[in-house]
S.K.: 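Pasting a structure here, questions to come.
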Amino acid sequence: MSSKIDFNKYLSSVSTRRQPSPIRSLMGFAALPGMISLCAGLPNPELFPFKGLSFAAADGTTLSLTAAELAVALQYSPTPGLSELIAVLKSMQQNEHNPALSPNDWTISVTAGSQDGLWKAFEMLIDEGDNVLCEFPTYAGALAFLKPLNCNLIGIDTDGDGLNPEKLVQVLQELPKEGKGKPKVLYIIPTGQNPSGATLSNQRRKQVYEIACKYDLIILEDDPYWWLYYGSAKAPADNLQFQRPLVRSIWSYDTQGRVIRFDSMSKVLSAGIRIGFITGPTAFINQIDLTTQVTNLNPSALTQILVLRLLQHLKESGWKDHITAVGAFYGRRRDSFIGYCEKHLTGLAEWTVPTAGMFVWLKLLGVSDSKTLIEQQALNAKVVLVPGQAFNPNNEKSSYVRAAFSTATEEEMDTALMRLAGLLQYH
């Protein structure tokens, strides 16, 4: 199972036609000693009206950019991201996932949030009319890009533990084994799934990878809630008593180069900085970089520098303390929200208690179309949730709604679910 794949056969027709940017390809030579560059149209930095930048970390430390760092932050930068940040992220991924692939066989590209990486991967792999496998339900943001591609979205049934490998095999056995109808992409959110909140066990993750090898699939492992994994146990009030549960990424099992992983800093540092990163086989990542060359050119150097300086300041121990605090916080949020679900929605709705992420997937009993309930009655009652139909690959009506517990206060959780219960009692 360890033989490497030929990545070219998976590329879409658009991606196959992509060529390197002639200007971007030459920019790297400008850094060579003695080189005089008349190549790139870089704006003259003497005219930039910024002469310094400092920010305060959560521990009270003021971090200031040096003149050299500010110059880098304000100028065009390498397409895959700043080399120093990539080195830090590669070390982080190596320590976090202990991948089966050799370090020479995988690399990282920084993106403007993980969504930026997702759409570029979709474009790289998917042609019009392709059969594309995804979870049922799945992330609405992914569907919003995939549907205009006019591909055939095939939802794989999930349960409280995420995608069911047996259901995946059943679907694959019914689809063509070669030719245009043969699927080549599986899109999956294995941790704190959006919208269901489900998390795949290590056993299921390994099974999904083995199925991908057998049926020759590329796995797009979208994992923005990786660091929001808090487990099933009640979260302690003291962060120091919180033990982050262990789970393996699907990418960690990859020996053939068929998993592309998407991480995000949005949930753990800031959503506004728009920093995510793609990890995967070098050939695929380089191909995605060709799309970046002709779209946004490079992720923001300014926000990359901010993240780099923060990670350098935190060091490995500080980073671990931070993600421990993040996991414990969302675990306590989960506990509170489930408590209010039990208080108000028992007998009116069903749910699975999430072990990661920030969502609870509520099945509204006696409701066949939650979209109508939310858009008409719930809004009038001053409570809003996302109807399940938004997450269905084929836009079918749904009895489910997605509730997010990330920012609501205890009082708001209590009031919101009381209002929802009032609607369901008289529906």
S.K.: For the residue pair R333 and S406, confirm or rule out a side-chain donor-acceptor distance under 3.5 Å.
M.R.: no

S.K.: Any side-chain donor-acceptor pair under 3.5 Å between T158 and Q193?
M.R.: no

S.K.: Run the ring-centre check on W251 versus Y209 and record whether the distance is less than 6.0 Å.
M.R.: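 Ring centres of Y209 and W251 not closer than 6.0 Å.
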
S.K.: D223 vs T191, test: side-chain hydrogen bond (donor to acceptor under 3.5 Å, both in side chains). Steps then yes/no.
M.R.: CA-CA 6 Å; D223 219 352; T191 311; 3.0 Å; yes

S.K.: Regarding T79 and N298, is there a side-chain donor-to-acceptor distance under 3.5 Å anywhere?
M.R.: no

S.K.: Short question: side chain of N394, backbone of E396 - any donor-acceptor pair under 3.5 Å?
M.R.: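 Not at all, since once roles are kept as given, no pair shorter than 3.5 Å links the two residues.
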
S.K.: Measuring from atom CG of L143 to atom OH of Y187, what distance do you get when rounded to the nearest 0.5 angstrom?
M.R.: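 L143 CG to Y187 OH: 8.0 Å, rounded to 0.5 Å.
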
S.K.: Are side-chain N/O atoms of E412 and T415 paired as donor and acceptor at under 3.5 Å?
M.R.: no

S.K.: What I want to find out is whether E210 reaches K206 closely enough, with some N-O distance under 4.0 Å, to be called a salt bridge.
M.R.: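 Yes, this pair counts.
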
S.K.: State which residue, out of R248, R261, R258, fulfils the salt bridge (charged side-chain N to carboxylate O under 4.0 Å, His left out) condition with E221.
M.R.: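 Answer after filtering R248, R261, R258: R261.
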
S.K.: Is it the case that K90 places NZ or CZ above or below the six-membered ring of W106, under 6.0 angstrom from the centre and within 45 degrees of the axis?
M.R.: yes

S.K.: Assess the residue pair T279 and Q93 against the criterion (side-chain hydrogen bond (donor to acceptor under 3.5 Å, both in side chains)); give the C-alpha distance rounded to whole Å, side-chain angles, the decisive distance to 0.1 Å, and a yes or no.
M.R.: CA-CA 8 Å; T279 308; Q93 293 295 73; 3.0 Å; yes

S.K.: Regarding Q115 and Y139, do their side chains bring together a donor and an acceptor under 3.5 Å, going by distance alone?
M.R.: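 Checked: Q115/Y139 side chains pair up, N/O donor to acceptor below 3.5 Å.
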
S.K.: So, the side chain of D254 versus the backbone of V259: is there a donor-acceptor pair under 3.5 Å, distance only?
M.R.: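 Checked: pair present.
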
S.K.: Just checking, is any N or O donor in the side chain of T324 or D321 under 3.5 Å from an acceptor N or O on the other one?
M.R.: no

S.K.: Identify the two heavy atoms, one from A57 and one from L310, that lie closest to each other, and give their separation to 0.1 Å.
M.R.: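 Smallest interatomic distance, heavy atoms only, reads CB-CD1, 4.2 Å.
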
S.K.: Could you tell me whether a side-chain N or O of Q304 sits under 3.5 Å from a main-chain N or O of L82, the two making a donor and an acceptor?
M.R.: yes

S.K.: Can you tell me if E410 and Y340 form a side-chain donor-acceptor pair at under 3.5 Å?
M.R.: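 Their side chains do contain a donor-acceptor pair, which is all the 3.5 Å distance test asks for.
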
S.K.: Test of understanding: with ring pair (Phe, Tyr, Trp, His ring centres under 6.0 Å), list the residues that count as partners of W227, not counting sequence neighbours.
M.R.: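 Applying ring pair (Phe, Tyr, Trp, His ring centres under 6.0 Å) to W227 gives W319.
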
S.K.: For the pair R274 and T303, evaluate side-chain hydrogen bond (donor to acceptor under 3.5 Å, both in side chains) and give the outcome as yes or no after the intermediate values.
M.R.: CA-CA 8 Å; R274 307 310 302 137; T303 54; over 6 Å; no

S.K.: Check whether any side-chain heavy atom of N194 sits under 4.5 Å from a side-chain heavy atom of R402, and report yes or no.
M.R.: yes

S.K.: Are F7 and F284, when compared by the centres of their aromatic rings, separated by less than 6.0 Å?
M.R.: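 Yes, the ring of F7 comes within the 6.0 Å limit of the ring of F284, centre to centre.
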
S.K.: Looking only at the side chains, is there a donor atom on one of T292 and K120 sitting less than 3.5 Å from an acceptor on the other?
M.R.: yes

S.K.: Has the side chain of R334 got a donor or acceptor atom that lies under 3.5 Å from a matching backbone atom of G231?
M.R.: yes

S.K.: Rounded to the nearest 0.5 Å, how far apart are OH of Y225 and NZ of K267?
M.R.: 4.5 Å

